[in-house]
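The chain is numbered in sequence order, starting from 1.
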Amino acid sequence: MSRPAVSERPATTARRAFREDVWNLPNVLTMARVLMIPVVLWYVVSGTPRDAFIGAWLYGATAITDLLDGWLARKWNLISVFGKFMDPLADKLLVMALLVYLTRMGRIPPWIVVVLLGREISVTGLRSIASSEGVVIAAGESGKWKAALQMVGIACLVLHFPHRVVPFWAHPVDLNIVGQWLVLLSLVFSVTSAVEYLWLFLAAVEAQGQRKQG
């Protein structure tokens, strides 16, 4: 007489589901970005033109993996809770670490970094509250411009030294000054997008309250 199959324990099933949720290619790329942060910082702090170039190249590579892991997650239907948490966190950790180190090296004014980090913390907290209330706030155009300008600006600050980057122009361009202006411009979009997030949040909460009353 055959014995009935023993069902798998819930704890074992949960652990297996968590492993499958974490260990996929998009999430591995995301975690690789986090592991690359100290490597990028090491090259930035070294301070030589050659190391600055390597640091900027590595920073650019992390930006490419950020686009790649999101595309793979959507294409292969591998969107996970872990990925939703780690992907934006990895980006913020890299940007915050670089801005803090670049401030220490005197490449960017501290007040700009304070405002940028304050904005990131405020918007992250706002989106967390919105999520707990069942409200989804999508990124607007200002937020996308902020991210793009910030990425290019930080890359210029990492390169730092004058380089000949303009075709048919013999004089080198001070990339540190270019980077400061780009980050300053991203600050304008950063504050604008934060106001947009707040406005959308208040409107969504008000609409949700009216639906409940109705």
Which residue pairs pass the salt bridge (Lys or Arg N to Asp or Glu O under 4.0 Å) test when at least one of the two sits in residues 38-56, sequence neighbours left out?
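Matches after skipping sequence neighbours: none remain.
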List the residues meeting side-chain hydrogen bond (donor to acceptor under 3.5 Å, both in side chains) with [X], not counting sequence neighbours, and say none if there are none.
{"X": "Gln150", "result": "none"}
{"X": "Ser142", "result": "Glu196"}
{"X": "Ser186", "result": "none"}

Derivation and outcome, side-chain contact (heavy atoms from CB on, under 4.5 Å), residues Leu185 and Phe189:
CA-CA 7 Å; Leu185 185 57; Phe189 285 98; 4.2 Å; yes
At what distance, to the nearest 0.5 angstrom, does [atom1] of [X] lie from [atom2] of [Y]?
{"X": "Thr192", "Y": "Leu187", "atom1": "OG1", "atom2": "CG", "value": "9.0 Å"}
{"X": "Ser190", "Y": "Leu184", "atom1": "OG", "atom2": "CG", "value": "11.5 Å"}
{"X": "Leu202", "Y": "Tyr197", "atom1": "CG", "atom2": "OH", "value": "14.5 Å"}
{"X": "Ile112", "Y": "Gln180", "atom1": "CD1", "atom2": "CD", "value": "6.5 Å"}

Taking all non-hydrogen atoms of both residues, which atom of Leu159 and which atom of Phe53 are closest, and how far apart?
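Taking every non-hydrogen atom into account, CD2-CA, 3.8 Å.
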Minimum heavy-atom separation for Gly55 and Val158, please, with both atom names.
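For Gly55 versus Val158, the nearest heavy atoms are C-CG1, 3.9 Å.
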Are [X] and [Y] in one and the same hydrophobic cluster, where Ile, Leu, Val, Met, Phe, Trp and Tyr link if side-chain heavy atoms are under 4.5 Å apart?
{"X": "Val183", "Y": "Ile177", "value": "yes"}
{"X": "Trp181", "Y": "Val113", "value": "yes"}
{"X": "Phe161", "Y": "Ile108", "value": "no"}
{"X": "Met105", "Y": "Trp111", "value": "yes"}

Is the backbone N or O of Leu102 less than 3.5 Å from a side-chain atom of Arg107, with the two atoms forming a donor-acceptor pair by type?
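Judged by distance alone, no pair lies under 3.5 Å.
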Only counting residues at least two apart or in another chain, list the ones meeting side chain to side chain contact (heavy atoms under 4.5 Å, CB included) with [X].
{"X": "Val114", "answer": "none"}
{"X": "Val178", "answer": "Cys156, Val173, Leu182"}
{"X": "Val39", "answer": "Met36, Tyr43, Leu58"}
{"X": "Ala194", "answer": "Arg119, Val123"}

Would you sort out whether Asn27 and Asp87 count as a side-chain contact (heavy atoms from CB on, under 4.5 Å), showing the intermediate values?
CA-CA 8 Å; Asn27 288 342; Asp87 186 56; over 6 Å; no
Hey, can you pull the donor-acceptor pairs under 3.5 Å for the side chains in residues 88-101, sequence neighbours left out?
residue : atom : partner : partner atom : Å
Asp91   : OD1  : Arg33   : NE           : 3.4
Asp91   : OD1  : Arg33   : NH2          : 2.8

In short, side-chain hydrogen bond (donor to acceptor under 3.5 Å, both in side chains) pairs touching residues 52-64 with sequence neighbours left out are none
